[in-house]
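Since the model is a prediction, treat every value here as computed from it, not as a measurement.
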Amino acid sequence: MPQKSLNLAVIGGGAVGVTAVCNAVMMALETSRRTTIFHFEHQEPVAEQAQDGVPIATGGIAYNRAAWEMKVNRQVKEMGLFPTHDELHLLKWLETSADRSAWPEAWRSHTFTENDFLPRPIVDQYVRQCYLGSLQSGALFSDLVTIHPLREEVTDIQPNTSGRNVAACRILTADHHTYAVHHVLAACGQFRNSTPEFAESVETNPAYIGYLWERNRDRPETDPAKTVLTVGTGLGGMDVMRSRWFKAGIAELLDVLEHARDRHETRALLEGLADKYGFESLRRPKDLAPTYRRSQAATENEKRQIIQGLIDAGELQPMVLTSRHLNLHFAYEEDFVAHPLPLPPVDLASLPTDIDQITEYANRLIEWTDREVVGKQRFGKLTWEDILWTVQPYIPMLLARVEPNQTHLAAAHHDYDAAKTAAQRELLDRFHSFLTTHHIGMPKETIDIYDKMTKYGLLIPVAGQMQDILDFGNGLNVLIEDSQGQALYEGDVDAVINAIQPNSDITHPANQNHLLARLAGAGLARAHKWRLGIEVDEHMHPVGADGRPVTFLTVISGASMVGSLFEQFGLLTFAASLEVSAWITAQAVERVFGRTPAEEMTAVNKPEMFAAGAEICLPGRVAQKGNGCEFWVQAMNLPDASQLRPYWRATLAANGTSVDVCTFTDHVTTHPVPRARQ
């Protein structure tokens, strides 16, 4: 019996939205199912015209607006759009299909490996070409696939209540058009950064940049004579640092001082930098006598003197980089397999329950990890994943155990559940920057830039809390303090750049125009009690106001989502890489077409392993190993257990037969399939 035709809506024109369209086209051709795809995007140019008149998409804000000095945060092998079909699709595209004619020379002749970290414009080109290929496939097989790229804003999604089984819902747009569809894949992007409390008084000042990716904004970090303070040491903060390194002349200056060995060449190059960046001090041979006279590269002391001379002359100013813990996260080109560090067993009975005491314990846990893990990570011994997987198992346990204090009870009018939720949010805030920071890896090159800028006084890292910003005319006066209220940094800067994570609270006033917030207002979604986006079930369907999943809607990117897929690992933020988003999207598309994803796993209950109600959650973190896989699963829901046993190790047979999952002494049999992925 032939399958019914499918009307599918994809909302979002960035990389994830494109991934949804591409995978849907592929599934339609594989299943021979007549499919119409409505692809909506009103912000990014989903209907931008190519030379041949065919509308194409872009990689979205993360890639389309990035310069060549900005790299992705994962390796080539983890950035393909078709992870369930071809994990090395991006590498094969780089080798055989990429148009390198407009690339910088260094990349035009580069031989790529699966461990490379790419400049983001290359990923943007890859996303565009994949989309164009899907449109061409749709044109070639028009009897099966029709794609409508639409520059329309989706304003509402309404369930079909007519009783006729023609479509599950209706899409309404700002252009007053209505589209009847069977399923919606929402890749509607992140929320905008909300204005932090410390910046509210200067929000309208041009020297305060509240949104890093604003089009056509002033780029103060590219002006070497401006002092820039960046708040946030995540991917955005590193982008600003890399942009300053390459665009403000710092990289070129150090390259000349380190590699030019002929004094005539050195003088010509330095004077060229003076013309290009305004480094007039480089025109004065008397101040640079050793460098001009020697027929070899400048010594470390000479480089410091030259750079300090530029700083003293006001021609080159330092950048200030700050966050609460100054956690920096770096991945390396080596193909590491992450393993959590063995923390000492935790006696649940000995832990406190008061929020203040548990918060103190959480701080000690973070400090221990910073000391024992992060320090080693900087020397290539550990990866950012080691850090995450060491700390994450403790978070659900602490969240479940924490009890509100009288302050929370008073604030919640003695409502215990509301007070406990407030205490949990307070505890999560302690882990928030730590988890989100270490959730993202970066190439070793970024470490080198950070270290060099710090060594020469061109980067001032400050681990503290922004307390105040004052307007003083053309710039801003800033104050950073430690947790004890002691001033760590105070001074005038030319610009402050907000590079902190977007606010994920859909009830926040700044997010009220976001589609997910509007859907929550209509009862098709609801905010999570911890204000981490929306609740979703294990298939990424939003949980409606009535507590039931909205099965015609799948949220595949955007706001932070808390549900069984994420919650079991303490992963309380949105997917941080294209790989994870692409995998979630591919799985969602397969379900829409009636297929059970080949890698899907269900939770298995083995109460005899722990106390009553103990649960072992699958899937776990997976790394390729030999002919099978090695993965880790996390024990959850242990209210009566005397010891926390966070990880279970398993080796999965390549053919998917049942295998044993065991710790040192305990055994449990499961029936997973190979290549499970988070």
Side-chain angles (χ1 to χ4, degrees), residues 6 8-28 35 37-41 43-44 46 57-63 74 78-85 127 130-131 134 154 157 168-169 171 181-191 502 504 506 514-517 519-520 524-525 528 532-543 549-567 571-593 595 597 599-600 619 677-678:
L6 172 67
L8 176 65
V10 176
I11 302 175
V16 180
V18 169
T19 302
V21 172
C22 293
N23 278 272
V25 170
M26 184 168 56
M27 285 299 301
T35 304
I37 303 171
F38 300 100
H39 188 192
F40 299 91
E41 177 56 75
Q43 292 181 334
E44 290 301 319
V46 73
T58 74
I61 293 174
Y63 306 106
R74 299 305 293 259
E78 299 178 331
M79 293 293 292
L81 297 192
F82 307 98
T84 61
H85 284 71
V127 170
C130 287
Y131 190 78
S134 293
V154 174
I157 302 174
C169 63
I171 302 286
V181 300
H182 299 98
H183 200 92
V184 180
L185 296 174
C188 41
Q190 297 179 17
F191 292 139
S504 59
I506 66 172
H514 196 281
L515 178 60
L516 291 182
L519 293 180
L524 296 182
H528 191 272
L532 291 168
I534 62 172
E535 287 188 68
V536 295
D537 69 4
E538 67 273 15
H539 297 315
M540 311 307 292
H541 302 314
V543 177
V550 180
T551 55
F552 61 77
L553 176 61
T554 304
V555 182
I556 52 179
S557 78
S560 304
M561 294 168 287
V562 181
S564 62
L565 178 65
F566 291 90
E567 205 168 50
L571 181 58
L572 304 172
T573 59
F574 54 82
S577 73
L578 182 56
E579 175 210 22
V580 176
S581 295
W583 181 79
I584 292 172
T585 300
Q587 299 277 294
V589 170
E590 289 185 16
R591 292 191 189 96
V592 170
F593 279 84
R595 284 190 175 183
E599 298 174 351
E600 189 171 311
R677 284 185 177 273
Q678 177 186 317

*In Å, rounded to the nearest 0.5 Å, how long is the span from OG1 of Thr35 to CG of Leu6?*
5.0 Å
*Heavy-atom closest contact (Gly80 atom, Ala582 atom, distance)*: O-CB, 3.6 Å
*asked:* Distance check, rounded to the nearest 0.5 Å: Phe40 atom CZ versus Ile171 atom CD1?
replied: 5.5 Å
*Atom of Ala588, atom of Thr554 and distance for their closest heavy-atom approach*: CB-CG2, 3.8 Å
*Any chance you could measure Met26, atom CE, to His85, atom NE2, to the nearest 0.5 Å?*
4.0 Å
*Distance-only, no hydrogens or angles: does the His541 side chain make a donor-acceptor pair with backbone N or O of Leu553 under 3.5 Å?*
yes
*asked:* For a quick test of reading the model, state the closest non-hydrogen atom pair linking Ala168 to Phe552 and the distance between them.
replied: CB-CB, 3.6 Å
*Give a yes or no on whether the backbone of Cys169 and the side-chain of His183 come within a donor-acceptor separation of less than 3.5 Å.*
no
*asked:* As an exercise, state the distance from CG of Leu185 to OG1 of Thr19, rounded to the nearest 0.5 Å.
replied: 11.0 Å
_Treating His514 as the side-chain partner and Leu516 as the backbone partner, does any N or O pair qualify as donor plus acceptor under 3.5 Å?_
yes
*For Ile37 and Ala24, work out which heavy atoms get closest and say how close.*
CD1-CB, 3.8 Å
*Please list, chain by chain and in numerical order, all residues satisfying side chain to side chain contact (heavy atoms under 4.5 Å, CB included) with Ala15, sequence neighbours excluded.*
Tyr63, Val127, Leu578
*asked:* Is any side-chain heavy atom of Leu519 closer than 4.5 Å to one of Val550?
replied: no
_I'd like to know if the side chain of Asn23 and the backbone of Leu81 have a donor-acceptor N/O pair within less than 3.5 Å._
yes
_For the student: nearest non-hydrogen atoms of Val536 and Pro542, plus distance_ = CG1-CA, 4.1 Å
